[in-house]
Amino acid sequence: NTISNIDIRPYLPDDMGSALFAVLQRAHGLVNGDYGYRQHAWSATDDDTNLRRGVDCSRAIWFAFTRAGLQFNRTNAYLPTAEMVGPLSLMNEDFLPCSGESLRLGDVVGYRDANRVDGHTVMVIDPRRRIAWGSHGWDGNAREPPFTPATGVEYQLIKYKPDWTRWDRPTMELAACWRHRRFAEDATAMRSVSTGVALGSDPCDPRICRP
C-alpha cells in the first residue's frame, strides 16, 4: 500500500556526510518528483527526460545509489532484477549479501516469481514497520476503497506479507538481500546512527504505519 504521508527526516543519519544519508536523500527526491512506473531503454541523454518517461523498480535502485555518488558495480552498470540475484551477480562487487540477517535501513531486497519469471526490488526503510521504498507498478490500496491506487516511485507498506519474504503475490518470493559496503563500513564507524531528533520517533501516521 502506498504511503503518502511519510517524513524521511527521522530516518536520516545524523552524519550528513554518510553514504546512507546521500542515498536516502536521493531516493526521497525521486518520490517528490512524482515519477511514474515504466520500463524503457533509458536512451535519453539526460536524467530528467529519462525519469519523466518513467522508471522501473531496478532502475530506481540503480539511480538512487549511482546519483548519490556510490559505486553500484565496477562499471556502474544498470542491472535488471533478474541480474540482481545469485552468487554471480555483479551486485557482489559493491554490496554484501545479507540474506538470513536482520534487515536494516538501506538494504536492497529482491523478489522473484519462478512461475511468471518476473521480479521486483525495493530498498528497506523501516524493517519493523515494514516500510519499503521503490518504483512500484502495483498498489494494494486498490483493494480498499476509497483509496486511489498510486504507482511509480513511492514508499509502500507491506501490509499483507508481514515477514518480508513475499511481495504482491504468494509466488513472488524473496530471492536476495544486498547491503552496500559503504553502509556496512559507516555502521561500524557509527556514522549511520539516527537519533530521530528532527520530528520525534514516529515519522508516519500511526493509523497507517503501525507494526
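Small disclaimer: the values here were computed from a predicted structure and weren't measured. Keep in mind that the numbers below use all heavy atoms, side chains included, and drop hydrogens, waters and symmetry copies. By convention here, the first residue in the shown sequence is residue 1.
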- Item | Distance in Å, I125 CD1 paired with R130 CZ, rounded so as to fall on 0.5 Å steps | 15.5 Å

- Item | Sub-6.0 Å ring centroid separation between F183 and F95 | no

- Donor + acceptor pair across side chains of S58, Y78 (<3.5 Å): yes

- same_hphob_cluster(F21, L70) at 4.5 Å side-chain heavy-atom cutoff: yes

- Item | Exercise: identify the closest heavy-atom pair between P127 and L103 | CG-O, 3.3 Å

- Message: Is the ring pair W167/H120 parallel, tilted or perpendicular, if the boundaries are 30 and 60 degrees?
- Response: tilted

- Task: Could you walk me through whether T2 and D139 pass the side-chain hydrogen bond (donor to acceptor under 3.5 Å, both in side chains) test, one step at a time?
- Result: CA-CA 6 Å; T2 295; D139 181 5; 3.1 Å; yes

- Item | Y37 side, atom OH; H136 side, atom NE2 - distance, nearest 0.5 Å | 10.5 Å

- Task: Identify the heavy atoms of V122 and A132 that sit nearest to each other, and give their distance.
- Result: CG2-CB, 3.8 Å

- Aromatic ring pairing H40/W42, orientation class (parallel under 30°, perpendicular over 60°, tilted between): parallel

- Item | ILVMFWY cluster, I8 and V153 together (side-chain gap under 4.5 Å) | yes

- Spacing of CG belonging to L90 relative to CZ belonging to R74, to within rounding of 0.5 Å: 7.5 Å

- Item | Sidechain-backbone polar pair: W133 side chain, V124 backbone, donor-acceptor under 3.5 Å | no

- Hey, is E101 close enough to R179 for a salt bridge, meaning N to O under 4.0 Å? yes

- Task: Report the C-alpha separation of R182 and Q71 in whole Å, then their side-chain angles, then the decisive distance to 0.1 Å, and conclude whether the side chain to side chain contact (heavy atoms under 4.5 Å, CB included) test is met.
- Result: CA-CA 9 Å; R182 288 278 304 280; Q71 198 73 18; over 6 Å; no

- Query: From E173 CD over to N115 CG, what is the distance, rounded to the nearest 0.5 angstrom?
  - Reply: 8.5 Å

- Note on the structure: In terms of heavy-atom contacts, I6 and I131 come closest through CD1-CG2, 3.9 Å

- Task: Step by step, work out the side chain to side chain contact (heavy atoms under 4.5 Å, CB included) result for M123 and V23.
- Result: CA-CA 10 Å; M123 181 168 63; V23 171; 3.9 Å; yes

- Task: Evaluate the side-chain proximity of M84 to V108: yes if any heavy-atom separation is below 4.5 Å, no if none is.
- Result: yes

- Query: Would you say the side chain of E185 lies within less than 4.5 Å of the side chain of R191, judging by non-hydrogen atoms?
  - Reply: no

- Query: Sub-3.5 Å donor-acceptor pair from the side chain of Y111 to the main-chain atoms of W164, do we have one?
  - Reply: yes

- Message: Please verify the inter-ring angle class for Y155 with H28; under 30° counts as parallel, over 60° as perpendicular, anything in between as tilted.
- Response: tilted

- Query: So, D94 and R181, do they make that salt bridge, N to O below 4.0 Å?
  - Reply: no

- Query: Passes salt bridge (charged side-chain N to carboxylate O under 4.0 Å, His left out), D56 versus R38? Steps please.
  - Reply: CA-CA 5 Å; D56 64 30; R38 184 188 173 197; over 6 Å; no

- Might you point out which heavy atoms bring L105 and L20 nearest each other, and give the distance in Å? CD2-CD2, 3.8 Å

- Judged by modelled atom types alone, do T49 and D46 share a side-chain donor-acceptor pair under 3.5 Å? yes

- Does a side chain donor of either R112 or T81 reach within less than 3.5 Å of an acceptor in the other side chain? yes

- Query: How close do A60 and V55 get, heavy atom to heavy atom, and via which atoms?
  - Reply: N-CG2, 3.5 Å

- Distance under 6.0 Å and angle within 45° of ring axis: R26 vs F65: no

- Message: Please check: side-chain N/O of N92 versus main-chain N/O of P87, any donor-acceptor pairing under 3.5 Å?
- Response: yes

- Query: According to a 4.5 Å side-chain heavy-atom criterion applied to Ile, Leu, Val, Met, Phe, Trp and Tyr, with indirect links allowed, do L88 and V85 form part of one hydrophobic cluster?
  - Reply: no

- Query: Can you tell me if S18 uses its side chain to pair, donor with acceptor, with the backbone of D15 under 3.5 Å?
  - Reply: yes

- Message: Closer than 3.5 angstrom, by distance alone: can the side chain of N76 be matched with the main-chain N or O of F72 as a donor-acceptor pair?
- Response: yes

- Query: Is there side-chain contact between D107 and W178, with at least one heavy-atom pair below 4.5 Å?
  - Reply: no

- Task: May I ask you to say whether D47 pairs ionically with R67, meaning some side-chain N is under 4.0 Å from a carboxylate O?
- Result: yes

- Query: Roughly how far, to the nearest 0.5 Å, is OG1 of T165 from CE of M172?
  - Reply: 13.0 Å

- Note on the structure: Output for pair (Q156 CD, S135 OG), nearest 0.5 Å, gives 9.5 Å

- Would you please say whether a donor-acceptor pair under 3.5 Å links the side chains of D186 and S192? no

- Note on the structure: L79 and S89 have their tightest heavy-atom pair at CD1-OG, 4.4 Å

- Query: Just checking, any donor-acceptor pair under 3.5 angstrom between side chains of D126 and Y11?
  - Reply: yes

